[in-house]
Amino acid sequence: QVQLVESGGGLVQSGGSLRLSCAASGISLDRYAIGWFRQAPGKEREGVSCISSSGDVQHYLDSVKGRVTISKDNTKNTVYLQMNSQKLEDTAVYYCATDLLPGCTGYGNPRYVGVDRWGKGTLVTVSS
């Protein structure tokens, strides 16, 4: 059974940093891609970044490019999202998810329905 558990969210001041973690069980991250998504209050969910089974990285939001780094530790079966220079508009629930495929194709498309294994999310609140 696939399980994804996010952690690391919380309250951070504007300009600060946070590192989110996504611990996976039931799958091996050297075989499957993991994506980070976020959903802000009153807005649709959007893809943030994805890391493939081989470690290739894709970023989907112009608003976070240069401020986020996605990485993983296969030995810990965990994916990380390092977020720097946080802005008020980064406030959202952050989710990790997978479509159980090795690549990141589709993760940036909001109409892609292949991603069907989701964590419960972790809330990030950026304050001024």
Q) With Arg38, which residues qualify under side chain to side chain donor-acceptor pair (under 3.5 Å), at least two apart? A) Glu46, Asp90, Tyr94
Q: Hey, could you give me each pair passing salt bridge (charged side-chain N to carboxylate O under 4.0 Å, His left out) that has a residue in residues 10-35? Not counting sequence neighbours.
A: none
Q | For Lys120, side-chain contact (heavy atoms from CB on, under 4.5 Å) partners two or more places apart | A | none
Q. Taking the inter-plane angle between the rings of Tyr95 and Trp118 on a 0 to 90° scale, is it parallel (under 30°), tilted (30 to 60°) or perpendicular (over 60°)?
A. perpendicular
Q) Can you name the residues that form a side chain to side chain donor-acceptor pair (under 3.5 Å) with Asp116, not counting sequence neighbours? A) none
**Q.** Pairs involving residues 70-80, ordered by first then second residue, that meet salt bridge (charged side-chain N to carboxylate O under 4.0 Å, His left out) (sequence neighbours left out)
**A.** none
Q.
My understanding is that only residues two or more places apart in sequence, or in another chain, count here; which of them pass side-chain contact (heavy atoms from CB on, under 4.5 Å) with Ser54?
A. Ser52, Asp56
Q | Closest non-hydrogen atom pair between Cys96 and Ile34, with its separation | A | CB-CG2, 4.1 Å
Q. Minimum heavy-atom separation for Gln86 to Gln13, with atom names?
A. CB-O, 4.3 Å
(Q) Check whether Tyr107 reaches the backbone of Gln58 with its side chain - one donor and one acceptor, N or O, closer than 3.5 Å. (A) no
Q | Which residues share a side chain to side chain donor-acceptor pair (under 3.5 Å) with Ser17, sequence neighbours left out | A | Asn84
Q: Would you please name every residue forming a side-chain contact (heavy atoms from CB on, under 4.5 Å) with Thr69, sequence neighbours left out?
A: Gln82
Q | From NZ (Lys87) to OG (Ser14), nearest 0.5 Å | A | 9.0 Å
**Q.** With Leu100 via side-chain contact (heavy atoms from CB on, under 4.5 Å) - residues at least two apart
**A.** Val2, Ile27, Tyr32, Thr98, Arg117
Q: Decide side-chain contact (heavy atoms from CB on, under 4.5 Å) for Thr78 and Tyr80; before the verdict, give the C-alpha distance in whole Å, the side-chain angles of both, and the deciding distance to 0.1 Å.
A: CA-CA 7 Å; Thr78 300; Tyr80 304 98; 3.6 Å; yes
Q) Considering residues at least two apart in sequence or located in another chain, which fulfil the salt bridge (Lys or Arg N to Asp or Glu O under 4.0 Å) criterion with Lys43? A) none
(Q) Could you report the tightest heavy-atom contact between Ala24 and Leu4, atom names first, then the distance? (A) CB-CD2, 3.6 Å
Q: Could you list the residues that satisfy side chain to side chain donor-acceptor pair (under 3.5 Å) with Asn77, not counting sequence neighbours?
A: none
Q.
Show every ring pair (Phe, Tyr, Trp, His ring centres under 6.0 Å) that has at least one partner inside residues 45-64, sequence neighbours left out.
A. none
Q. Which atoms form the tightest heavy-atom contact between Ser49 and Val68, and what is the distance?
A. OG-CG2, 3.9 Å
